[in-house]
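Read through the structure below, which is laid out as structure tokens, and then see the notes.
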Amino acid sequence: MADATLRPEYISFDCYGTLINFNIVPATRQLLAGRIPEEQMQQFLRDFRAYRYDQVCGDYYGYQQVLQDAFDRVCRKWELARSDDAGARFAEAVLGWGPHADVPAALSIMGENYKLVVLSNADTSFLDVSVPKLGAAFHAVYSAEQAGAYKPRYQAFEYMLDQLDAVPEQFLHVSSHTRYDLMPAHDLGFTNTVLLDRGYDPPGPGYNYATVRSLEELNRILGL
């Protein structure tokens, strides 16, 4: 992706983190209240993020249980007792999240010019709540539940391609996650990809994506 001459047929997005503010820290802190010292909290959060990634690399199952299992695993590593209601509490938190501040206005403009698609690592019931908060009309919304796989599994991207009867060259794919989205998209031949840098993931040199700091910046590149 280089300039305003690019005219993809579809602009596809990751949802949580990229469009919706992925703010799992408050719920995690509540579950850990009084259980670990504050100076260790950032390392726990990094470990929890790593286990969430590992948890979705296998067969698909429900997102609430993914969150429960990832939290159980990180608690085991830290020699902490598991919390039976962790998954439910995280799921409730997800449903309460809203869009990043730069999203609704810029996404609405983008949607007037392009077919917008969501490819999300969540169940359909989560997207039914979150996507209407984004302030734009989407051509299609695909969940991990529908695809039968979470990103970074290729199956998730292949599902989107199959549903739209499309090929990777027809897309501009946008995500704030290098490991979940941009690396597998590159492997599958998505030649136009963008890291919307929210500070979640480390950079992945060699994967040929452009980097922007906001959707307004991406609109300017697209000539909107």
Side-chain angles (χ1 to χ4, degrees), residues 13-103 118-134 143-145 147-153 156 175-184 195-204 213:
F13 291 91
D14 166 66
C15 185
Y16 295 103
T18 303
L19 301 177
I20 295 289
N21 185 9
F22 190 92
N23 189 19
I24 205 166
V25 174
T28 308
R29 284 184 172 277
Q30 290 172 7
L31 284 161
L32 294 174
R35 301 174 67 187
I36 65 172
E38 178 60 31
E39 60 268 22
Q40 296 180 359
M41 183 64 69
Q42 289 305 311
Q43 184 58 54
F44 185 97
L45 292 169
R46 285 192 290 270
D47 289 348
F48 185 26
R49 180 172 64 237
Y51 277 113
R52 291 197 305 273
Y53 176 84
D54 186 69
Q55 204 63 41
V56 298
C57 290
D59 294 339
Y60 169 82
Y61 66 107
Y63 189 55
Q64 178 173 315
Q65 191 61 47
V66 164
L67 294 170
Q68 177 73 57
D69 291 349
F71 193 71
D72 286 349
R73 291 177 69 190
V74 71
C75 284
R76 189 179 308 119
K77 176 179 179 178
W78 282 69
E79 298 182 345
L80 299 173
R82 70 187 300 275
S83 300
D84 291 340
D85 63 343
R89 291 171 68 172
F90 286 129
E92 182 180 6
V94 173
L95 294 173
W97 296 340
H100 288 281
D102 65 300
V103 167
V118 162
L119 179 63
S120 176
N121 267 10
D123 296 345
T124 305
S125 60
F126 287 85
L127 297 175
D128 287 344
V129 173
S130 296
V131 170
K133 299 177 183 180
L134 296 173
S143 67
E145 180 180 9
Y150 290 100
K151 299 172 293 183
R153 294 283 308 280
S175 179
S176 61
H177 304 291
T178 53
R179 296 176 72 192
Y180 285 98
D181 282 80
L182 300 181
M183 292 178 180
L195 173 65
L196 179 48
D197 191 358
R198 307 288 194 192
Y200 292 122
D201 286 3
R213 303 288 178 178

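Atom CD of Gln68 and atom CG of Asp85 lie 7.5 Å apart (nearest 0.5 Å).
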- [ ] Please report the C-alpha distance between Ile36 and Met41 in whole Å, then the side-chain angles of each, then the deciding distance to 0.1 Å, and finally whether the side chain to side chain contact (heavy atoms under 4.5 Å, CB included) criterion is met.
- [x] CA-CA 7 Å; Ile36 65 172; Met41 183 64 69; 4.1 Å; yes
TODO: Check the pair Arg179 / Asp201 against salt bridge (Lys or Arg N to Asp or Glu O under 4.0 Å), numbers first and verdict last.
DONE: CA-CA 7 Å; Arg179 296 176 72 192; Asp201 286 3; over 6 Å; no
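Of the possible donor and acceptor atoms, none in the side chain of Tyr150 sits under 3.5 Å from a partner among the backbone N and O of Gln55. Looking only at distances, a side-chain donor or acceptor of Thr18 sits under 3.5 Å from a matching main-chain atom of Ser176. Counting only distance, with no hydrogens or angles, the side chain of Asp123 and the backbone of Gly62 share no donor-acceptor pair below 3.5 Å.
With respect to Lys151 and Asp181, a salt bridge is recorded, a charged nitrogen being found less than 4.0 Å from a carboxylate O.
The list of ring-ring contact (aromatic ring centres under 6.0 Å, His included) pairs with a residue in residues 72-98, not counting sequence neighbours, reads Phe22-Trp97, Phe44-Trp78, Phe48-Phe90, Phe71-Phe90.
In this structure the side chain of Asp54 reaches within 4.5 angstrom of the side chain of Arg73, judged on heavy atoms. Taking 4.5 Å as the limit, some side-chain heavy atom of Tyr16 sits within range of a side-chain heavy atom of Leu127.
Neither side chain, Tyr53 nor Asn121, offers a donor N or O lying under 3.5 Å from an acceptor on the other.
Considering Leu67, Val66, Val74 as possible partners of Tyr51, the one that fulfils the side-chain contact (heavy atoms from CB on, under 4.5 Å) test is Val74.
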